[in-house]
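The structure appears right after this line, and notes come after that.
Each chain gets a letter, A, B and so on, in the order its sequence line appears, and its residues count up from 1.
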2 protein chains.
Amino acid sequence: MKKKILIHDIAKHLDVSIATVSLVLNGKAKEKRISDTLAERVLKYVEEVGYKPNQLAKSLRTGKTHVIGLMVEDIANPFFATVAALIEKKALARGYRIIYCSTNNDTAKALDLLTMFQERHVDGYILALPNGVEDEVSALVRRGKALVLFDRLLPGVLTNAVVVDSASGMYEATQHLLGQGFRRIALVMAHSEQTQMAARQQGYAQALREHQLPELVHEIALPQEHEQIVHELQLFFQVQPACDAVLFATNYLGVYGLEALTRLGKRIPEQVAVVSFDDNDLFRLYSPPITVVAQPIEAMAEDIINTLLSALESRAETGRIVQLQLAPQLVVRSSSIRSRGQSSNEG
Amino acid sequence: MKKKILIHDIAKHLDVSIATVSLVLNGKAKEKRISDTLAERVLKYVEEVGYKPNQLAKSLRTGKTHVIGLMVEDIANPFFATVAALIEKKALARGYRIIYCSTNNDTAKALDLLTMFQERHVDGYILALPNGVEDEVSALVRRGKALVLFDRLLPGVLTNAVVVDSASGMYEATQHLLGQGFRRIALVMAHSEQTQMAARQQGYAQALREHQLPELVHEIALPQEHEQIVHELQLFFQVQPACDAVLFATNYLGVYGLEALTRLGKRIPEQVAVVSFDDNDLFRLYSPPITVVAQPIEAMAEDIINTLLSALESRAETGRIVQLQLAPQLVVRSSSIRSRGQSSNEG
DNA sequence: CAAATATGCTAAAATGTTTAAGCAAAATTT
DNA sequence: AAATTTTGCTTAAACATTTTAGCATATTTG
């Protein structure tokens, strides 16, 4: 087992000071007037023996870890998993590592994790949070930490954010159903104060209001057992037989909803038309394919990491706040809704 | 902005030495004969001002970070995402943090990430690796690092591992199809030397051999564009019209496969029966529901973290190697296979 | 009562870097 | 030739802890 090689060993072998080696390695050779010949000798030897500085020591001294903390609702949720995968990839390419955690929408857990991120001295924060952590996040903002919220905002916290325009996405989806002739349109959403949830309901409500139709909202309390939720939805669809279409506010609600409808033997869209927020494999390949409000995941990831990195790099101009609102896209899939006999698979 | 409080500040305020505070905080008060009264005073004041030791300094000094590096193939793959979420949860409960990364089955990226893990001084490694990193992993094992492989082994590397018995899972699945009367059974797998892939093919091959039936294997080269893969599968199913059933070796291949079959308008199971390794929402809710070889994800996560933590804690007995092989479960879903009269939504 | 032991704490080294400040020699200016 | 500037490097402090070795004082033992 070869001993770990230190900067000290490099210096000794080359018969120079530790400082010299460090300066060369950090690209400050010119600035600090280390001669080119020596700088090259150092680099060559470092390469030769494969010396890698101890990151812990480095971080302790500089206060930078090159680690970004990413907090999502649930890493097993395809939306968050995909965003996380993309962010990780883009961050890695820019020299940053990601450490990610799921809050499961639990305020206490989110607080714990925020503390953990601070203990780990993450350089920046990317956060999709439950409500109830406003104070802690405000404190981070006040301390000038690089931070960007995504998916949802935090009421009363003014900081960088990248979100999707949920309201107009849901408005469009509702309009689409109305355009297809549906009149009793239900909305299934998570019981939550989160901003994106509220916006989705708002978009739905507005479209119905414009047609002077009543709202039919069902809120699911979370977290709950899978089986429990499906059961609750089955009951809802039985008690609410009048509804001829349903909107699901998130992809997991859509999945549960399809399961409930399948169990009840309801035919889609003849008995109930279905539209969900968020796309996924199931909706795309289900028969009939499910129309969705798709989020621009790739663009979100790009915007998130860009916003964070520019916040990180421009330590000086602390005032700057970037708030981006991206447009979701209605992906209409069941072309044969309300029309019979069409058996074509559209592209 | 309040200044960060240090152990030094605590010591000064209580008029004791830094060493005393540190010893008390690390539970060595008794051992080092710090009086109970003083120990309590320290703890009380620490609590009062909310002092938290700097983890970087601590790690630098002790060599422990309480961080575990988890490497998966793709965090956006539901199997890995779920395993990751469970491991994270269990690790957190035992005082460890997880930092995870996706290799995308890219050897170079995996090597990079292994280096990154070492630079970050992770205490332990949980790894689902592509081939080609045997030497580096062997080096880690030799250096006595706490490590556990999962999902797949690494040829020639003898160390802790938690895997599923892919061969018998696939054998059972193939037997199931044979029992249903299918005779031209194809296997779609990823082109890869990975042990779990080989085992899956082997299970399939054995079942066919026992019935003296020919193998019909199609290997997909990865990584490749989504669209490209689906297209390739469409071609396969057109060129291979003789096959009456198909096994997919992973969940993402199953998803692509369903997409290809849907586009070709093939009816399942009348024209082609489908079984996939790995479960997911799509297979469960597809109509008809898809039979799968489900992996015991919860048990895997539990075994993985237990194996790792005991490796971490028993630094002494370095010889001990734990290799677990878990049984997958065939979940038969399409009860009506080979029976007619499914009046489905042909619209 | 001297010697040995126990008690309760502290000084300082160690962890592995970065970087501000500074110093001698060489080069340039006056 | 003295003064000044530039060059090329080094010294040592700082980052925030843990932990070994040890030092007084108090207590017990012989």
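- Closest-nucleotide positions on DNA chain C for A:K58 and B:R33 were compared, and the one nearer the 5' end corresponds to B:R33.
- Side chain of B:A19, nearest nucleotide from D:dT20, D:dT19, D:dT10: D:dT19.
- Here the C1' atom of nucleotide D:dT17 and the CG atom of B:L25 are 11 Å apart, to the nearest Å.
- D:dT19 atom P lies 11 Å from atom CD1 of B:I7, rounded to whole Å.
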Passes side-chain contact (heavy atoms from CB on, under 4.5 Å), A:L308 versus A:N160? Steps please.
-> CA-CA 8 Å; A:L308 188 74; A:N160 300 321; over 6 Å; no

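- Residue A:I34 contributes atom CD1, which lies 18 Å from atom P of C:dG22 at whole-angstrom precision.
- The residue B:L38 sits close only to the backbone: its heavy atoms come under 4.0 Å of sugar-phosphate atoms, none of a base.
- Residue B:N26 places at least one side-chain N or O closer than 4.0 Å to OP1 or OP2 of D:dT18.
- For B:D36 and A:V21, each mapped to the nucleotide of DNA chain C holding its nearest heavy atom, the one lying further toward the 5' end belongs to B:D36.
- Rounded to whole angstrom, the span from the NZ atom of A:K12 across to the C1' atom of C:dT17 amounts to 17 Å.
- With D:dT11, D:dT20, D:dT17 as the candidates, the nucleotide lying closest to the side chain of A:S17 is D:dT11.
- Backbone-only engagement by A:K28 is indicated by non-hydrogen atom pairs under 4.0 Å involving sugar-phosphate atoms exclusively.
- No side-chain N or O of B:Y100 forms a donor-acceptor pair with one of A:E88 less than 3.5 Å apart.
- Between B:L60 atom CG and C:dA13 atom C1' there is a gap of 13 Å when expressed in whole angstrom units.
- B:S35 has a side-chain polar atom (N or O) that falls below the 4.0 Å cut-off from OP1 or OP2 of C:dC9.
- The OH-C1' distance, from B:Y51 to D:dA16, rounds to 7 Å in whole Å.
- One interatomic measurement links the two molecules: CD of B:Q55 to C1' of D:dT17, which rounds to 10 Å at whole-angstrom precision.
- The aromatic rings of A:F80 and A:F150 lie perpendicular to each other, with more than 60° between the two planes, well past the 30° mark.
- At the heavy-atom level, A:T20 lies under 4.0 Å from base atoms of the strands shown.
- Panel note: side chain A:D123, backbone A:H66; a donor-acceptor pair is recorded below 3.5 Å.
- OP1 or OP2 of D:dT18 has at least one side-chain nitrogen or oxygen of B:S22 nearer than 4.0 Å.
- For the 3.5 Å distance criterion, the side chains of A:E193 and A:N131 fail to qualify, holding no donor opposite an acceptor.
- Between the side chain of B:R61 and the base of D:dT18, a donor-acceptor pair under 3.5 Å is found.
- Both B:A57 and B:L23 sit near DNA chain D, but only B:A57 has its closest nucleotide nearer the 5' end.
- Look at CG on A:D15: it is 12 Å from P on D:dC9, rounded to the nearest Å.
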